[in-house]
2 protein chains.
Amino acid sequence: MTIAAPDTRTRVLDVAERLVQTRGFNGFSYADISVEVGISKASLHYHFPTKAELVGCLVERYEHDFHLAVSRIDNSHDHALDRLKAYSEIYVRVLKADRMCLCGMLAADYTTLPDVIQKRVLKFFQFNEDWLTSALSRGRARKEITFAGKPSEAAHLLVSTLEGAMLLARAHKDIARFRLLAASLLKGLALK
Amino acid sequence: MTIAAPDTRTRVLDVAERLVQTRGFNGFSYADISVEVGISKASLHYHFPTKAELVGCLVERYEHDFHLAVSRIDNSHDHALDRLKAYSEIYVRVLKADRMCLCGMLAADYTTLPDVIQKRVLKFFQFNEDWLTSALSRGRARKEITFAGKPSEAAHLLVSTLEGAMLLARAHKDIARFRLLAASLLKGLALK
DNA sequence: GTCTATAGGCAGATAGAC
DNA sequence: GTCTATCTGCCTATAGAC
């Protein structure tokens, strides 16, 4: 299976994604993308008329990729702890690329975002919490894991902690500490 | 005890602080401050020659205020759970003002910050984790709370979770959910 | 300390040729 | 699809008068 050379539109999205994840919505410009992709600013506007549309597409693609990643987890892992571990490894992969979660970053920039993007960012977090809620709920019913309180609250805790830890880990350039924290989070769910 | 009318410098810092906490380092300008404080952009440069210096002062003041807040906690609360609850209420107060933690916000903007500011942001988190580490350590020694593993790791978990939850709560405009999460975090530390 | 005026550059975005 | 050229407006910052 070969991977086709990415078209211009995709290359633009790839560069823009990295820029948002590292510098935030207000920390990059069309000029930055132009240099890296090797086409003029005007050409970028052909593909994405406005910055709002560009970043909107970015969030859409990111959420789509996340959907794929978690359904792969559903198909390849059965035990709740394995699923949650695989989930946390998505975050580790992002951190390894010296990036913040795209939507975590946009959550920081939230008040400066166009309406359309704000809604998509919220949808992303909702999707994550929903998936975690169901993974936690199923795992507890099967007696694979244990935790107190509602699954939805535990899911909220997991997303918050992973996003927050990511924010700090990137600044500290300390992925090891992030892994340690993720591991101890999972340990807290293991049967005693 | 009366509060003196704030001087211009202080009013500039107050406005700038709110702008950074709501819009991020790259999401506001001297023009924004100028309008709100009611003096010209040029006058702002008299007080703070560069944006880097302005935000540097902001972080310094924020950390100083945090120092004061936690030493008040040390003096007014003895039980570890009370101390930690009071600590989490600092975050709630920030959230109530529709703001993100100043340094949490700057952690997102991290790669775009001047060196001096990057270092101060890290120092802020270090201070928080150190204080929490000692509060947790003392509390466990006195058998006021319980938790597994090193105090420093539990401290890291607390800061990460509170910062991450704040990021999400502000976007969702849902302080109640933040409170719930903070409460269940503390509940996890309570003696069984 | 505060102002007006302005520099010099970059932002997002458009027009029109190829 | 991509280009050059350009627009308008905002950015940080400075000069110099009051």
Side-chain angles (χ1 to χ4, degrees), chain A residues 4-59 105-106 108-118 120, chain B residues 4-59 105-106 108-118 120:
Chain A
D7 57 9
T8 302
R9 192 190 144 90
T10 304
R11 283 194 298 140
V12 172
L13 285 172
D14 290 343
V15 169
E17 185 177 68
R18 200 192 66 245
L19 287 170
V20 177
Q21 288 186 271
T22 51
R23 305 179 56 90
F25 184 79
N26 301 301
F28 80 102
S29 71
Y30 271 50
D32 298 323
I33 305 173
S34 164
V35 170
E36 289 202 51
V37 176
I39 65 173
S40 68
K41 285 194 292 168
S43 300
L44 292 175
H45 283 282
Y46 167 80
H47 296 283
F48 304 98
T50 66
K51 198 178 182 183
E53 256 184 82
L54 168 60
V55 177
C57 290
L58 233 42
V59 180
M105 185 60 94
L106 293 176
D109 296 327
Y110 197 78
T111 61
T112 70
L113 298 177
D115 257 46
V116 212
I117 301 181
Q118 287 189 342
R120 285 194 188 160
Chain B
D7 58 9
T8 303
R9 192 190 144 89
T10 305
R11 284 194 298 140
V12 172
L13 285 172
D14 290 343
V15 169
E17 185 176 69
R18 202 193 64 245
L19 287 169
V20 177
Q21 288 186 271
T22 51
R23 306 180 56 89
F25 184 80
N26 300 302
F28 79 102
S29 71
Y30 271 49
D32 299 323
I33 305 172
S34 164
V35 170
E36 290 202 50
V37 175
I39 66 173
S40 69
K41 287 190 288 168
S43 300
L44 293 175
H45 283 281
Y46 167 80
H47 296 282
F48 304 97
T50 66
K51 198 179 181 182
E53 253 180 87
L54 168 60
V55 177
C57 290
L58 233 42
V59 179
M105 185 61 94
L106 293 175
D109 297 327
Y110 197 78
T111 61
T112 70
L113 298 177
D115 257 47
V116 213
I117 302 181
Q118 287 189 342
R120 284 193 189 161

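In what follows, chains are A, B, ... by sequence order, proteins preceding strands, each numbered from 1. Here the structure is a predicted model, which means the values were calculated and not measured. All values below were derived from every heavy atom in this structure, side-chain atoms included, with hydrogens, water molecules and symmetry-related copies excluded.
- Here the OG1 atom belonging to A:T8 is positioned 11.0 Å from the CG atom belonging to A:L13, to the nearest 0.5 angstrom.
- A distance of 9.0 Å separates CG of B:L58 from CG of B:D14, quoted to the nearest 0.5 Å.
- For the salt bridge (Lys or Arg N to Asp or Glu O under 4.0 Å) test, no residue two or more places apart in sequence or in another chain qualifies with A:D7.
- Every pair tested for side chain to side chain donor-acceptor pair (under 3.5 Å) that includes a residue from residues 44-55 of chain B fails, sequence neighbours excluded, so the list is empty.
- Within the structure, a side-chain polar atom (N or O) of A:S43 is placed less than 4.0 Å from OP1 or OP2 of D:dC3.
- Among all heavy-atom pairs drawn from A:R120 and A:V59, the shortest one is CB-CG1, 3.8 Å.
- For the residue pair B:I33 and B:A16, the shortest heavy atom distance occurs at CD1-CB, 4.0 Å.
- Regarding A:N26, its CG atom lies at a distance of 11 Å from the P atom of D:dC11, rounded to whole Å.
- Nearest heavy atom pair, residue B:L44 against residue B:Y30, reads CD1-O, 3.2 Å.
- In terms of phosphate contacts, A:H47 brings a side-chain nitrogen or oxygen within less than 4.0 Å of OP1 or OP2 of D:dT2.
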For A:R9 and A:F48, run side chain to side chain contact (heavy atoms under 4.5 Å, CB included): C-alpha distance rounded to whole Å, both residues' side-chain angles, the deciding distance at 0.1 Å, then the answer.
CA-CA 9 Å; A:R9 192 190 144 90; A:F48 304 98; 3.5 Å; yes

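- Put simply, NZ on B:K51 is 9 Å from C1' on D:dC11, counting in whole angstrom units.
- For the pair A:K41 NZ and D:dA5 P, the computed distance is 13 Å after rounding to whole Å.
- One interatomic measurement links the two molecules: NE2 of A:H45 to C1' of D:dA5, which rounds to 14 Å at whole-angstrom precision.
- Computed from coordinates, the A:L54 CG to C:dA13 C1' distance equals 14 Å when rounded to whole Å.
- Computed from coordinates, the A:F28 CZ to C:dG12 C1' distance equals 11 Å when rounded to whole Å.
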Please list, for nucleotides 15-18 of chain C, all pairs of protein and nucleotide N/O atoms separated by less than 3.5 Å.
none

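- Regarding B:R23, its CZ atom lies at a distance of 14 Å from the C1' atom of D:dC11, rounded to whole Å.
- Rotation axes derived from the C1' atoms of the five outermost pairs at either end of the helix from C:dG1-D:dC18 to C:dC18-D:dG1 lie 0° apart, to the nearest 10°.
- Closest approach of A:F25 to A:D109, counting heavy atoms only: N-OD2, 2.7 Å.
- Within the structure, salt bridge (Lys or Arg N to Asp or Glu O under 4.0 Å) pairs that include any residue of residues 18-29 of chain A comprise A:R18-A:E36 (at least two apart or interchain).
- Within 4.0 Å of A:F48, counting heavy atoms only, lies no atom of the nucleic acid at all.
- Side chain of B:T111 to backbone of A:T22: a donor-acceptor contact under 3.5 angstrom is found.
- Contacts of residues 5-16 of chain A with DNA chain C (heavy atom under 4.0 Å): none.
- Remark: A:S40 is not in phosphate contact with D:dT2, judged by side-chain N or O atoms under 4.0 Å from OP1 or OP2.
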| query | B:L54 and B:V12: side chain to side chain contact (heavy atoms under 4.5 Å, CB included), yes or no, with the steps? | reply | CA-CA 9 Å; B:L54 168 60; B:V12 172; 4.3 Å; yes

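- The nucleotide whose nearest atom lies closest to any side-chain atom of B:Y46 is, among C:dG1, C:dG12, D:dT14, C:dG1.
- When heavy atoms are screened at a 4.0 angstrom cut-off, A:Y30 is found touching the sugar-phosphate backbone but no base atom.
- Atom CD of B:E53 and atom C1' of D:dT12 are 13 Å apart (whole Å).
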